[in-house]
Structures are given as structure tokens and as C-alpha cells.
Number of protein chains: 2
Amino acid sequence: MSDPISGQMAQALDMSAPDLSPIEQTPLKVQIADRLRRAIITGKMRPGAVLVETALADQMNVSRAPIREAIQILESDGLVETVAYKGKRVKPLTVREVTETFEMRQLYEVLAVRRIIAGGVDVQALHRPCADMVEAAEAGDRESLVAGDERFHRTLIRLADHDLLLQTWNSIYMRVHQIMALRNDRKVPLVDIAANHLPIIRALEKRDLEAAVALMSEHTRALNDFDPAKIVQDPA
Amino acid sequence: MSDPISGQMAQALDMSAPDLSPIEQTPLKVQIADRLRRAIITGKMRPGAVLVETALADQMNVSRAPIREAIQILESDGLVETVAYKGKRVKPLTVREVTETFEMRQLYEVLAVRRIIAGGVDVQALHRPCADMVEAAEAGDRESLVAGDERFHRTLIRLADHDLLLQTWNSIYMRVHQIMALRNDRKVPLVDIAANHLPIIRALEKRDLEAAVALMSEHTRALNDFDPAKIVQDPA
DNA sequence: GCTTTGTCGATTGTCGACAACATACAATTT
DNA sequence: AAATTGTATGTTGTCGACAATCGACAAAGC
């Protein structure tokens, strides 16, 4: 810690505070996949939109190889589908898929609630995103509200302390995100959405399994309370 | 159906009965991925085993591209991991992963049971694999028994009529398969395993949710009743 | 003797080019 | 005119070669 070498090193490191933190070595395919995934789940690329490797390669100034690999990642995410020698496109959503996606989400979140209560986990971490949501709702900032909602639920899953659950939830939630971005009815009052979360925290704090599960089921069900057909794209 | 053209076609088709069924166009990457996956989940390639693209390409007489894509599929399956510029290897299993895998499996199968009973689904299709298992158990054919068990559970999931559930279950079950292949304790009597399934069918036929869930929970729990540490490979 | 630096082999990452294939449309034939 | 065949175009599938990076070991310097 204070031997000559380390001292020298520290001195050299501290002068004019250069940024010597580890540089991020994100593989190209991952960077590309992240970009495309974001475009898809935010609705900027709608279901049915075609992805042409050569065009994307030109636009992003890379070769086709990393583009191909990125698209394949999205394919295993279930966001893109490929037809050999024909083309790749953002996977069209069916009513069934939408319904099933929300059913699986509910399954996962209810499991998380069960584990949190069973494990006596401290749920204080949920207050921050919850407060953010109330704030965003009052300001009428829908985007921040959605972001807060995602943080709330992701935190909930994290607290369940189950890596595989988190991983599985992630792959489902990206589709949830996409569906939410695609549906255009803005009927649900923002304040209501935000307000729905606090009771869940309360129930978790009281270790009230019945109430927590009921609230969580109702919460995830309510978000699914719209006509899935509205956002489905015809595979034209 | 009986116009001149169709008649001619049918005549031409029927003479000497040539096999004109659609030829299978399985992409190379899928064929390769299937082969490698099989090798992994049957335990022929153990956790930690390295996968070298060039070597595999030579062995299978294809270029590196489809090999890469196949390995990437296995990567998103969670069966293989890649370290850039270092190598690829069969993902080592941690005790935690094994435990969590079986927990998720139980979650899915219990959900299937719930849906089957709620939907009033006919579960007759479960008898076939169940009978096969009893037969295999009496013959002492462990391999057939395991295959029968897989068919039984896959049929169960299928009966739940939930595409996304089936898909998710598949990705979990391949890991279950791998774990089962890796553990070498053969203490559990074959006949017991086979016998465990019939009561589940009975409960489903009686639409007894409580009993079915309890039996299914117990069944999946029992299979997880071994020391996960035994099959974990050190990431050496 | 210890540290630092240079070099080497192995592996993946990326690239550009060509082949395979499917679709749509024009050309040809009946 | 209708059906069949040929052709053109666009896309993905596959390939071989080269670049980038890593880990380990040897070499050089203090």
C-alpha cells in the first residue's frame, strides 16, 4: 500500500487526474444489438420492418459479420425473425403472444414477491423508483414514468435474489416494453399508475403474502387490460 | 381436383411412387447447433470443455462462419460462454445455477398443471409416455426412461396450450437434461421414478388442483434432491 | 534477483467477395 | 390469351484471409 513502487504509481496516477478507468470493450455485435434492440422495443422500428444486412452495415460503417451476429442475438430474443434468402424483419406480434407475454410476466413477478417475503428481504430499495414515478406522474412526464416503472419492477426482481429469474424476466420485459411502446391508448391516468405501486411496498413491508400477491397480480393484470389486437401488425 | 392438368400431374406423380416430399432445408448453423447442443446436454461435452472454431470447422468440413453462428445460438441458450480473443467453452455449472434451474422448472410445470385443470384439458395424451416409462423401468433401461420422462413433461407443457411457456420450458429443460446427464448417482430406483407419474395423471383427471400441484411440486423437488456440488465443474 | 519489456503462438473479431436461393417479371411457346 | 419457361435482381449463406487481442514465456535492464 505504501511501498515505494505503489507510492510512485499513485503519484503518477493522481497528477492532473487522468481518466485511467478500464476502457469498455463492448464487442461490436453487442453494441449493434443494443442499438437495434432499443430501436425495436421503443417502437421506432415497428413489427414488420425489414432489416437488410448490407444497408445496416453501410449505415453503421462496419462489415456484415457483426451485423449478422447482432441480428442473431435479437432473433434468439424473439424480436426478429429470419427467412432464409428472403430477408429479416422485426417479428410481427400476434394477439396470442401479447397475452402470453403478460401472463409470463405476472408469473415471474408473483414469484419474486413470494421469494422476497419468504426470505425476509428488505424492500427499502423500492421506495426510490416509486417516488420518482409519483414525481414524474405529477409532472405529466410519461417517459420518466415508464422508466421509473421499469426500475421499480427490475428492482423487485433483483430483490428476489434469483439470477435465472432476473435473466428470464429481462427477456420477457423487453417484449413488454415493446408492447407498451406500441400501444397508443393513453387513457390510463398517469397518477393512477404511480399510485398503484406504494401499496405493494406496504404489503411487502408487512410481510403480507396474500395481499402482496393479490396486489401484484392486479397490477400486472391492469397493465394488460387493453385490446392486444390494436398493436398487432399484419405480416404483410 | 379432376381437371386435365391436375390429372396429368397426379398421374406423373404416382408412377413408381417417387419421394417428392419437401426436402428439409435446415440451415447449417442449426444443424451444427443441434449437434453441439446434443453433445452438451448428454454430457459428452462436459462443462469446461473448450470449443475451438477452426478445429470444429475442420472436423465438420465447413467454414468458421456457420460454426460461429451455431456457437452463438448455444451461447444465448446459456450452454456456452465466450471470452473474446481467448476462447469458447461449455459453461461451467454453479451450484446456484443448478438450484435455480430446478426452481424455474417447477414454476413452469406447476403453471402448466394449473392451466390444464382450469381449461378442462383432456390429459389422455399423458398415458402413452407414462406407460413407456413403466416398461422401460421394468426393463432397467435407464436411457429410455429418461427419454420417456422428457416426453411426459413436454406433453404436459404442450397440453397447457401456451406457446411462450413451451418455449421457455424448452430452454430450461435442456439444462435440466444436461444436469441429469452429468450427475452420476444412480441411487434412485427406476421403478419409483416411473411410478411417480401416474398419480399426477389421476389428479389431473379428477381436476384436483391441490393434489396435482402438490404431486407435481413433490415430483420436481424429488428430482432435485441431490448434491448439486457433485456435478459442478471448476472453471479451471 | 526482480521488474519490465518484447516476442510468440493461439484464438476470436472483422472484412470483402462470391455462391445459393427465392421472388418477380419479361419472354416464349402453345 | 394462358401457361410455362427464362432471366434479372435482391437477399442471405458461406467462405478464406487478415487484423486485433490475449496469455505465457523469454529476454533485457536495473
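Quick caveat, the model's predicted, so the values are computed rather than measured. All chains are named by letter (A, B, ...) in the order of the sequence lines, taking the proteins before the strands, and each is independently numbered beginning at 1.
In plain terms, the two heavy atoms of G148(A) and P129(A) that are nearest each other are O-CB, 4.0 Å. Contact detail for W169(A) and E109(A): the closest heavy-atom pair is NE1-OE2, 2.9 Å.
Counting to the nearest Å, the C1' atom of dG10(D) and the CG atom of D58(A) are 14 Å from each other. Distance R89(B) CZ to dC22(D) C1': 15 Å, rounded to the nearest Å. For the pair I67(B) CD1 and dG13(D) P, the interatomic distance rounds to 16 Å; values are reported in whole Å. Here dC15(C) presents its C1' atom at 17 Å from CE of M60(A), a figure rounded to the nearest Å. Between the CG atom of L56(A) and the P atom of dC15(C) there is a distance of 14 Å, given to the nearest Å. In this structure, CD of Q31(B) is placed 13 Å from P of dG13(D), rounded to the nearest angstrom. As rounded to whole Å, 13 Å separates atom C1' of dG13(C) from atom CD of E75(B). In this structure, K29(B) atom NZ and dC15(D) atom C1' are separated by 16 Å, rounded to whole Å.
Residue L93(B) is tested with E97(B), K91(B), R96(B) for a side-chain contact (heavy atoms from CB on, under 4.5 Å); the sole match is E97(B).
Looking at E103(B) and R115(A), a side-chain N of the basic residue comes within less than 4.0 Å of a carboxylate O on the acidic one, giving a salt bridge.
Using a 4.5 Å cut-off on side-chain heavy atoms (C-beta onward), R37(B) and L74(B) make contact.
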Q) Which nucleotides of nucleotides 6-12 of chain C have their base under 4.0 Å from a protein heavy atom (B), which only their sugar-phosphate (S), and which neither (-), written as one string 5' to 3'? A) -----BB
**Q.** Verdict with supporting geometry, K88(B) and E81(B), salt bridge (charged side-chain N to carboxylate O under 4.0 Å, His left out)
**A.** CA-CA 6 Å; K88(B) 306 177 194 278; E81(B) 66 180 4; over 6 Å; no
